[in-house]
Amino acid sequence: MNIEKQDMEFNVRRLAADAGTFLSRAVQFTEEKFGQAEKTELDAHLETLLSRAESTKHWTEKIMKQTEVLLQPNPNVRMEEFLYEMLDKKVPMRANNHELLGESMIDSGHEFGPGTAYGSALIKCGETEKLLGSAEKELIQSSAINFLTPFRNYIEGDFKTISKERKLLQNKRLDLDAAKNRLKKARVADARSAAETELRIAQSEFDRQAEITRLLLEGISSTHAHHSRCLNDFVDAQAAYYAQCYQYMVNLQKQLGSFPSTFSNNNQPAGSSSASISVPTAQPATSLPTPPPSQTSPALNELRSTSGTRKARVLYDYDAASSSELSLLADEVITVSSVPGMDSDWLMGQRGNQKGKVPITYLELLN
C-alpha cells in the first residue's frame with residue numbers, strides 16, 4: 001500500500017513539473033511573439049542545415065507525387081492502390097491499357113479469321129501490345145522498388161526523426177531563454193544562485209540537443225547521395241523499358257511488312273508479296289496533339305469571339321501540371337469559355353467551384 005502511495009505521489013509531482021515546464025515555455029513563446037522577451041538565435045550553419053532539410057522534404061514529396069502520376073496516370077486507380085496500401089492488403093492484379101487493347105485485337109483477329117490478312121495483322125498487333133503491357137508492368141515494379149520506396153522511406157523515417165529532434169531543440173531553446181529571463185528578474189541572492197544553476201543546466205541541455213540535431217541534419221548529404229543512386233536506377237529502368245518497346249515495335253513492323261500493302265473487300269488470305277517498312281525517324285514533338293476536325297469548327301471560333309460559355313465533354317483523363325490548370329476525367333462534362341490573351345491551345349474550364357486552364361485537344365464541344 002505504501003509503495004502504491006509513493007508511486008502515486010511521484011506521478012503527481014512529475015505531472016506538476018511537466019505542467020510547470022509547459023507553462024514556462026508557453027509564456028516565453030508568447031512574450032517572444034510580442035517582442036517582450038529575447039530569443040536565442042541558432043548559429044548560421046545550423047539554420048542552413050535546417051533549411052536544406054525542409055527543401056529536401058519538399059522536393060522529395062513533389063518528385064514522388066509526379067513519378068506516381070507518370071507511372072499511373074489514372075487518379076482513380078492511384079487512389080484505389082493507396083487505399084489497399086493503407087489497409088495493408090495486396091493490390092489485385094489488373095490488365096493495363098496495352099494488355100486490354102492487345103486482348104481486343106487478338107479476339108477480333110480470331111473473329112475475322114487468322115487466315116485473312118486483316119485478322120492475322122490484328123493478332124500480330126495484339127500480341128505486341130500485350131508485350132508492351134508486360135514491359136510497362138516491369139517498369140512500374142522496378143521504379144516502385146528502386147526509386148519510390150527509398151524516397152518514401154526518407155519522408156516516413158529519417159525526416160520524421162529530424163522533425164522530432166528539431167521540435168525538442170525548440171523546447172530546449174525556450175527553456176534556456178526562460179531561465180535567462182528568470183535570472184534577470186532575480187533580486188535575492190538565494191534566488192539568483194538558484195537561477196544561475198538552472199541556467200547552466202538549461203544551457204548544457206540546449207547545447208547537447210543542438211549537437212544531436214546538427215549531426216542528424218548533416219546526414220542529409222548521405223541522403224542526397226543515396227537518392228542520386230536511386231535516380232540512376234530509375235533512369236536505367238526507363239532506358240531499358242523504352243529500348244524494349246522500340247524493339248517490339250521494330251519486330252512488329254517487320255512482321256507486318258510481310259502482309260499485302262492493300263486489302264480487298266473480301267479479306268483475301270495473306271499473300272506472299274512483301275512490302276518493306278522502314279523504321280520512322282523521330283519527329284519534332286509538340287506540346288499538344290493536333291486538334292480533331294470538330295475542334296476547328298465555327299463553334300470554337302464563335303466561342304473565342306464571344307464572352308459566352310459552352311459545355312464540353314472530356315475525351316481523356318488529364319492531370320493538371322500546375323495550380324492554374326484543372327484536372328479532368330474522361331467522359332465528364334464541364335463548362336468552358338475563352339479568355340482574352342490565353343494560348344490558342346487552351347480554354348478556361350469550370351467544374352462546380354473548381355476552375356482552371358484545360359487543353360482543347362482533350363475536349364469535344366457539345367451543341
Side-chain angles (χ1 to χ4, degrees), residues 58-83 94-102 104-105 125 129 132-133 136 139-140 143 148 234 238 241-242 245 249 280-367:
H58 168 75
W59 288 111
T60 298
E61 289 178 331
K62 190 162 187 176
I63 291 171
M64 281 174 53
K65 179 181 178 181
Q66 292 304 126
T67 303
E68 290 169 350
V69 171
L70 172 69
L71 297 177
Q72 178 49 264
N74 191 325
N76 295 329
V77 175
R78 291 202 305 273
M79 178 59 69
E80 182 182 344
E81 292 175 348
F82 173 76
L83 292 176
R94 63 164 63 86
N96 57 29
N97 291 332
H98 282 293
E99 291 173 326
L100 291 173
L101 175 59
S104 297
M105 287 182 168
C125 290
E129 289 294 338
L132 293 175
E136 183 181 90
L139 170 66
I140 293 174
S143 301
L148 288 176
F234 182 51
Q238 283 184 302
Y241 166 70
Y242 289 118
C245 291
M249 299 311 295
T281 57
Q283 299 295 327
T286 57
S287 58
L288 292 171
T290 303
S294 62
Q295 300 300 76
T296 58
S297 64
L300 180 58
N301 295 331
E302 179 184 350
L303 179 64
R304 285 174 172 161
S305 62
T306 64
S307 57
T309 61
R310 198 180 184 94
K311 294 293 185 181
R313 184 174 69 88
V314 178
L315 299 176
Y316 324 103
D317 288 348
Y318 177 74
D319 287 304
S322 68
S323 58
S324 65
E325 297 179 13
L326 181 67
S327 294
L328 303 173
L329 291 177
D331 295 326
E332 69 172 328
V333 176
I334 63 172
T335 302
V336 295
S337 59
S338 181
V339 177
M342 182 178 289
D343 190 289
S344 60
D345 290 330
W346 299 81
L347 290 173
M348 182 60 66
Q350 185 169 357
R351 182 202 305 111
N353 295 327
Q354 296 178 317
K355 197 171 184 180
K357 296 193 305 180
V358 293
I360 292 178
T361 51
Y362 283 67
L363 305 172
E364 176 186 5
L365 296 180
L366 301 177
N367 294 328

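Atom set for the values below is all heavy atoms of this structure, side chains included, hydrogens, waters and symmetry mates excluded.
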Q: Might you work through the side-chain contact (heavy atoms from CB on, under 4.5 Å) test for L148 and L71, ending with a clear yes or no?
A: CA-CA 11 Å; L148 288 176; L71 297 177; 4.1 Å; yes
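- Put simply, the residue from V333, L363, L329 that forms a side-chain contact (heavy atoms from CB on, under 4.5 Å) with V314 is L363.
- The shortest heavy-atom contact between A312 and L365 is CB-CD2, 4.0 Å.
- A search for salt bridge (charged side-chain N to carboxylate O under 4.0 Å, His left out) contacts involving E129 returns nothing, not counting sequence neighbours.
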**Q.** Worked verdict on Q238 versus L70 for side-chain contact (heavy atoms from CB on, under 4.5 Å)
**A.** CA-CA 12 Å; Q238 283 184 302; L70 172 69; 3.9 Å; yes
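- Here side-chain hydrogen bond (donor to acceptor under 3.5 Å, both in side chains) pairs that include residues 329-339, with residues two or more places apart or in two chains, are K311-T335, R313-D331, E332-R351.
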Q: Could you please spell out the steps behind the side-chain contact (heavy atoms from CB on, under 4.5 Å) verdict for L326 and Q354?
A: CA-CA 7 Å; L326 181 67; Q354 296 178 317; 3.8 Å; yes
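- Remark: Y242 engages no residue in a ring pair (Phe, Tyr, Trp, His ring centres under 6.0 Å) (not counting sequence neighbours).
- In terms of heavy atoms, A320 sits closest to S327 at N-OG, 3.0 Å.
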Q: Check the pair M249, L132 against side-chain contact (heavy atoms from CB on, under 4.5 Å), reporting the backbone distance first and the verdict last.
A: CA-CA 9 Å; M249 299 311 295; L132 293 175; 3.8 Å; yes
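- With sequence neighbours excluded, the residues that form a side chain to side chain donor-acceptor pair (under 3.5 Å) with E325 are Y318.
- F234 meets the ring pair (Phe, Tyr, Trp, His ring centres under 6.0 Å) test with F147; sequence neighbours excluded.
- For the residue pair R94 and E99, the shortest heavy atom distance occurs at O-OE1, 4.2 Å.
- Residues satisfying the salt bridge (charged side-chain N to carboxylate O under 4.0 Å, His left out) test with E61, not counting sequence neighbours, are K57.
- A donor-acceptor pair is defined here as one N or O able to donate and one able to accept, closer than 3.5 Å; such a pair exists between the side chain of Q350 and the backbone of G352.
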